[in-house]
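Below you'll find the structure, written out as structure tokens, and then a few comments.
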Amino acid sequence: MESFCLLKQIQNGQSPKVTKGDELKIVTKSGKTFKGILYDFKEGYLHTVQALGILVIFPLSSLASIHLTKI
């Protein structure tokens with residue numbers, strides 16, 4: 001299993017290789033942790049789908065890390 005931080009790649013101007021439906025672990029700068037399914041990266045925002053199909057949008061500036069685990 002491989003895990004890496006997508007936020008560092010985005011901040012370095014790279015385009016991480018992720019696809020809709022990938023599972024993410026998101027940590028905000030305030031220390032809150034969320035798990036969700038990637039919906040989209042758009043204009044400085046991360047869109048995820050969480051429990052019960054709720055769409056949650058995070059500004060990238062509010063995040064400490066975004067981890068994707070590839071099996």
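As the structure is a computational prediction, the values presented were derived from the model and not from experiment. In what follows, residues are counted from 1 in the order of the sequence shown. The basis for the numbers below is simple: all heavy atoms, side chains too, and nothing from hydrogens, waters or symmetry mates.
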Please report the interatomic distance CG(D22) to CD1(I66), rounded to the nearest 0.5 Å.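 Going from the CG atom of D22 to the CD1 atom of I66 covers 12.5 Å.
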
Just verifying a value: how many Å separate L6 CG and Q14 CD, rounded to the nearest 0.5 Å?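 The CG atom of L6 sits 10.5 Å away from the CD atom of Q14.
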
Can you name the side chain to side chain donor-acceptor pair (under 3.5 Å) partners of S30, sequence neighbours left out?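 S30 satisfies side chain to side chain donor-acceptor pair (under 3.5 Å) with T28 only.
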
Using a cut-off of 6.0 Å, state whether more than 12 heavy atoms not belonging to Y39 lie near its atom OH.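 No, not enclosed.
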
Name each donor-acceptor pair under 3.5 Å that joins a side chain in residues 40-65 to protein atoms two or more places apart or in another chain, with its distance.
| from | atom 1 | to | atom 2 | distance (Å) |
| --- | --- | --- | --- | --- |
| T48 | OG1 | V56 | O | 3.3 |
| Q50 | NE2 | K35 | O | 3.4 |
| S62 | OG | P59 | O | 2.8 |

Inter- and intrachain pairs under ring-ring contact (aromatic ring centres under 6.0 Å, His included), touching residues 13-32, at least two apart: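 Residue pairs with at least one partner in residues 13-32: there are none.
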
So, for I37 and G21, which heavy atoms are closest and what is the spacing to 0.1 Å?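 Where I37 meets G21 most closely, the heavy atoms are CG2-CA, 3.3 Å.
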
Report whether V27 and L7 are members of the same hydrophobic cluster (ILVMFWY, side-chain heavy atoms less than 4.5 Å apart, transitive linking).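 No, V27 does not connect to L7 through the hydrophobic network.
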
